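Working notes, structure below.
The structure presented is a predicted model; accordingly, all values stated were derived computationally and were not measured. Chain A is the first sequence line, chain B the second, and so forth, proteins listed ahead of strands; every chain is numbered from 1.
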Amino acid sequence: MTRRLRMVRAQRMPIVNAMLAFVVLIVILQLWLLTATMNAYLGGDTTTVVPAAFGSLACLGLNAGLLWYLFRLD
Amino acid sequence: MIQSQREVDGPRDLDHATVPPDGRPLADQPKWRRDFPIDWAQDEYVSRRELVKFIVLTSAALTVGQFWIAFKNTFNRQPARLAGERIASVDELSVGGAKTFTYPEGSTPRLLVRIGTTAFVAYDQQCTHLLCPVVPAVELGRLHCPCHNGWFDLHTGRPLAGPPQRPLPKVLLEVRDGMVYATGVEESAT
């Protein structure tokens with residue numbers, strides 16, 4: 001019987017920490033995007049609203065993908 | 001020959017500082033036991049993982065906010081449909097003259113300015129910075145907020161200088177039969 005080699009949780013900690021750093025960076029980017037879009041929208045500039053929404057969606061997709069990978073590790 | 005317990009059981013999973021009651025390795029344990037570990041190192045791992053999950057939820061909330069702005073932008077672009085209302089006669093104001101009015105009834109004060117023989121503009125009189133009343137400076141082609149020295153363009157309502165960042169809401173006008181009618185309000189005059 002072959003047993004699949006797997007990392008123990010202590011070995012996976014650096015991966016989780018790296019993920020955490022990525023996810024936090026992306027969320028900060030999203031927060032900046034939201035405030036910048038809101039500022040532009042209230043100032044009457046609506047050209048950035050839709051691209052910013054899809055940009056934010058892409059960031060969410062990236063975050064969700066990282067989370068999915070993290071849960072797959074366990 | 002005496003064998004150690006380790007040799008009998010085989011190599012133990014390194015995640016196991018504390019052995020579960022059934023003695024099986026962590027990978028074979030049910031999910032609830034893996035998610036509520038006893039050992040400090042494992043607890044740290046799970047809490048860090050749950051933090052990532054929470055931050056991804058925050059990311060989802062920010063995306064919802066972003067789409068809410070897009071939704072508002074799509075469905076609120078049209079100026080408010082209001083009934084037309086006569087607010088002044090053309091002869092009432094000389095070129096460069098101004099008067100205040102409310103439109104619709106009970107609104108914040110609006111400012112009507114005659115900028116040419118047949119040209120009128122009207123805006124909300126409240127400055128978009130801290131709601132001080134703006135005054136027309138027709139000779140400069142501007143509206144001035146004296147409270148914090150803010151300036152707006154008289155023809156478009158856009159902020160030009162000082163603390164205001166947003167344009168003055170614009171009242172849509174129609175001139176016919178020697179009368180000036182207000183026909184709607186445009187919240188973002190650009």
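- B:Arg33 places no side-chain N or O within 3.5 Å of a backbone atom of B:Phe36 that could act as its donor or acceptor partner.
- A side-chain donor-acceptor contact under 3.5 Å links A:Gln30 to the backbone of A:Ser56.
- At least 2.5 Å separates the SG atom of B:Cys127 from that of B:Cys132.
- Comparing A:Asn17, A:Leu31, A:Asn39, A:Leu20 by heavy-atom pairs within less than 4.5 Å of chain B, the highest count is held by A:Leu20.
- Among A:Ile26, A:Val24, A:Leu33, the residue making the largest number of heavy-atom pairs under 4.5 Å with chain B is A:Leu33.
- Side-chain atoms of B:Arg110 come within 3.5 Å of backbone N or O of B:Tyr103 as a donor-acceptor pair.
- Comparing B:Thr128, B:Leu51, B:Val46, B:Ile55 by how many heavy-atom pairs each has under 4.5 Å with chain A, the most go to B:Ile55.
- Between atom NE2 of residue B:His155 and atom CG of residue B:Leu143 there is a gap of 9.5 Å, rounded to the nearest 0.5 Å.
- Only the side chain of A:Phe71 comes within contact range of chain B, with at least one heavy atom under 4.5 Å from a heavy atom of that chain.
- Heavy-atom distances place no part of B:Val64 under 4.5 Å from chain A, backbone and side chain included.
- In this structure, chain B has no heavy atom under 4.5 Å from any part of A:Leu66.
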